[in-house]
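Just follow the structure's listing: the first ligand is 1, and inside any ligand the first atom is 1.
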Amino acid sequence: MTGRSRPAVGALPAYRPGKAAAQAEAEHGISNAIKLASNETPWGPVPSVAAAIAEAATGVNRYADHRATALRRALAGDLGVDEASVTVGCGSAGLLQQLCLTYVDPGDEVVYPWRSFEVYPVFTQLAGGTAVTVPLIDDAFDLDAVAAAITPRTKLVFLASPNNPTGTAVSARDLATFMESVDSTTLVVIDEAYREFNDPALGDPVTDVLPHHDNAVVLRTFSKAHGLAGLRVGYMIAHPEVVAAVDKTLLPFAVNAIAQAAAIAAIEAAGDIRERVAVLQEERARVVAALIDAGHAFPQPQANFVWLPFGGRTDEIHLGLEQRGVVTRPFPGEGIRVTIGSADENDRFLSTLAEVV
Ligand SMILES: Cc1ncc(COP(=O)(O)O)c(C=O)c1O
């Protein structure tokens with residue numbers, strides 16, 4: 001044995017990222033594979049963001065602004081909140097890890113519905129916490145059961161809305177009702193990585209929940225709708241005391257200068273980004289209609305992906321798709337998650353699925 005890793009780390013599963021198209025091509029001896037496995041957008045950054053990235057690249061001999069002052073200011077202005085209520089992290093996944101580092105001691109509990117985002121158990125375990133999972137009902141959250149699972153030892157609750165991988169979402173109104181039953185010593189983290197794709201009628205936790213509950217936290221990201229997954233920048237809106245505590249655990253300069261400049265440019269390019277989101281929402285509606293026509297049953301998606309609960313047929317269907325160059329995300333024995341891509345990619349997925357099934 002080389003070195004002595006902590007038991008918590010030894011017991012961790014390795015994080016499984018979505019498979020790259022090139023890797024699938026090499027494994028199956030094929031060409032022209034497409035990746036619909038990581039809920040990325042199919043296009044590169046919009047032109048103004050690409051220009052900001054190129055300009056920021058000329059200054060990388062310097063460290064970035066660790067506090068990301070300009071980006072926080074831009075976010076606060078955009079969201080209509082105080083600057084002290086916003087912070088940024090190395091993707092929203094980075095902020096999830098920081099939240100565990102900040103609040104979870106060995107023996108503390110972290111409650112979340114399951115299945116949900118795969119890093120929740122990893123970061124909980126890494127901090128020495130105990131995961132308390134609450135089963136989904138019809139692929140959606142059972143908030144009464146989540147409330148019932150909270151104990152005085154619960155430090156954090158993670159609620160992904162829309163949920164990954166099932167794509168179901170919770171309304172701000174239901175979240176506000178749920179918050180009434182949660183003690184103020186437990187933080188409730190509303191993880192909105194896919195918020196831009198959901199139905200606006202679901203409301204906005206930043207305006208409808210946060211002002212009434214100091215223990216509510218909202219996480220968002222530039223990775224999905226804004227198309228900046230590779231730059232790693234996410235943000236958190238929370239009570240200033242929570243922001244100050246979580247900020248202490250940020251790796252120095254973890255949000256790099258290019259990411260900060262790109263995020264500011266993306267906020268300024270809101271109109272262009274909305275147009276792209278609208279295209280993906282239309283594509284999602286088209287894919288959903290085609291899948292229903294083909295006889296598939298699945299939850300109505302609120303994010304940029306579709307969850308197909310194939311159960312025992314999951315592995316066979318996932319492999320069949322991948323051998324034909326369509327890379328999706330399998331959850332063995334449960335289902336596959338398929339990202340909404342460009343129109344051509346979606347057509348390819350639909351025709352290949354018909355062939356495989
Ligand atoms: C529910 C959810 N939250 C957070 C993230 C993290 O995204 P990022 O770290 O790129 O901001 C993801 C990414 O897949 C996600 O699905």
Tell me which protein heavy atom sits closest to [atom], plus the residue, atom name and distance to 0.1 Å.
| atom | value |
| --- | --- |
| atom 10 (O) of ligand 1 | Ser223 OG, 2.6 Å |
| atom 12 (C) of ligand 1 | Phe117 CZ, 3.3 Å |
| atom 1 (C) of ligand 1 | Asp191 OD2, 3.5 Å |
| atom 9 (O) of ligand 1 | Arg232 NH2, 2.7 Å |

>> Between Asp344 and Ser342, do the side chains contain a donor N or O and an acceptor N or O under 3.5 Å apart?
In response: no
>> I need the atoms of ligand 1 closer than 4.0 Å to a non-hydrogen atom of Lys224, numbered in the order shown.
In response: 13 (C), 14 (O)
> Considering only heavy atoms of Ala93, which atoms of ligand 1 have at least one such atom less than 4.0 Å away?
Replying inline: 6 (C), 8 (P), 9 (O)
> If you link I, L, V, M, F, W and Y whenever their side-chain heavy atoms are under 4.5 Å apart, who else ends up in the same group as Leu319?
Replying inline: none
> Within a strict 4.5 Å, meaning less than it, do heavy atoms of the Leu36 and Leu321 side chains meet?
Replying inline: no
>> If you define the side chain from C-beta out and look only at heavy atoms, does anything of Leu231 sit under 4.5 Å from Ile53?
In response: yes
> Side chain of Asp108, backbone of Asp105: donor and acceptor closer than 3.5 Å?
Replying inline: yes
>> Tell me whether ligand 1 is touched by Gly91 - counting only heavy atoms on the residue side and a distance under 4.0 Å.
In response: yes
> Under a 4.0 Å heavy-atom limit, does Ser92 contact ligand 1 with its side chain, its backbone, both, or neither?
Replying inline: both
>> At under 4.0 Å between heavy atoms, is it the side chain or the backbone of Tyr194 that contacts ligand 1, or both, or neither?
In response: side chain
> Is the distance between the ring centroids of Trp307 and Phe331 less than 6.0 Å?
Replying inline: yes
>> Would you say the rings of Phe305 and Phe197 are close, in the sense that their centroids are separated by under 6.0 Å?
In response: no
>> Any nitrogen or oxygen of Val233, side chain or backbone, less than 3.5 Å from one on ligand 1?
In response: no
